Asks: 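Structure below; questions to follow.
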Amino acid sequence: MIVRILSEGQWELDDAQLAELEALDAPAERAVEAGDEEAFASALAALLARVREVGRPLPADRLVPSDVVLPGPDATVEDVRHLFEGGGEGLVPG
């Protein structure tokens with residue numbers, strides 16, 4: 001599975017880690033729904049940290065389609081609201 005963090009790059013993760021990412025995504029989704037910037041920032045930081053920790057960074061000159069696209073670490077609730085529109089799946093679809 002390829003995960004892109006906007007403004008940072010792409011990481012390759014084992015497909016088996018999708019469930020863990022989905023669990024980390026749930027608090028971010030709830031925070032967006034509640035408009036809670038502090039909770040969202042904390043949840044997003046945890047999600048991005050885990051991707052960086054368990055993922056293998058892809059070289060910058062290797063661009064492949066991403067399975068998951070996450071906002072950058074400075075994203076706000078308003079920045080990501082459109083990601084939830086229509087899909088209702090949070091940042092990590094699954």
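Starting from 1, each residue takes its place in the sequence as its number. Every heavy atom of this structure was used, including side-chain atoms; hydrogens, water molecules and symmetry mates were not. This is a predicted model, so every value here is computed, not measured.
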Asks: Quick one: closest heavy-atom pair of Ala43 and Ala28, and the distance?
Replies: CB-N, 3.5 Å

Asks: Rounded to the nearest 0.5 Å, what separates atom CD in Gln10 from atom CD1 in Ile2?
Replies: 6.0 Å

Asks: Starting at CD of Glu22, measure out to CG of Leu18 and round the result to the nearest 0.5 Å.
Replies: 4.0 Å

Asks: Output yes when a side-chain donor or acceptor of Thr76 lies under 3.5 Å from a complementary backbone atom of Asp79, and no otherwise.
Replies: yes

Asks: Please give me the minimum heavy-atom distance between Val3 and Leu13, naming the atom from each residue.
Replies: CG2-CD1, 3.8 Å

Asks: Taking side chain as C-beta onward, heavy atoms only, is Pro71 less than 4.5 Å from Leu44?
Replies: yes

Asks: Which distance, rounded to the nearest 0.5 Å, do you find between the CG of Leu21 and the CG of Leu70?
Replies: 7.5 Å

Asks: What I'd like to find out is whether the side chain of Leu63 reaches to under 4.5 Å of the side chain of Arg4, using heavy atoms alone.
Replies: yes

Asks: So do Ile5 and Trp11 actually touch side chain to side chain, heavy atoms under 4.5 Å?
Replies: yes

Asks: Using residues 45-55 as the side-chain source, report each donor-acceptor pair under 3.5 Å to any protein atom, sequence neighbours left out, with the distance given to one decimal.
Replies:
| from | atom 1 | to | atom 2 | distance (Å) |
| --- | --- | --- | --- | --- |
| Arg50 | NE | Glu20 | OE1 | 3.4 |
| Arg50 | NE | Glu20 | OE2 | 2.4 |
| Arg50 | NH1 | Glu53 | OE2 | 2.8 |
| Arg50 | NH2 | Glu20 | OE1 | 3.4 |
| Arg50 | NH2 | Glu20 | OE2 | 3.3 |
| Arg52 | NE | Glu8 | OE1 | 3.0 |
| Arg52 | NH2 | Glu8 | OE1 | 3.4 |
| Arg52 | NH2 | Glu8 | OE2 | 2.7 |

Asks: For the residue pair Val32 and Arg81, establish whether any side-chain heavy-atom pair is separated by less than 4.5 Å.
Replies: yes

Asks: Is Asp14 salt-bridged to Arg56, cutoff N-O under 4.0 Å?
Replies: yes

Asks: Kindly check if the number of other-residue, nucleotide or ligand heavy atoms within 6.0 Å of CD (Glu37) is above 12?
Replies: yes

Asks: Determine, step by step, whether Leu58 and Val64 satisfy the side chain to side chain contact (heavy atoms under 4.5 Å, CB included) criterion, reporting the C-alpha distance in whole Å, the side-chain angles of both residues, the deciding distance to 0.1 Å, and the verdict.
Replies: CA-CA 9 Å; Leu58 295 181; Val64 297; 3.8 Å; yes

Asks: Check Ala75 against Phe40 and note the closest heavy-atom contact, atom names and distance.
Replies: O-CE2, 3.5 Å

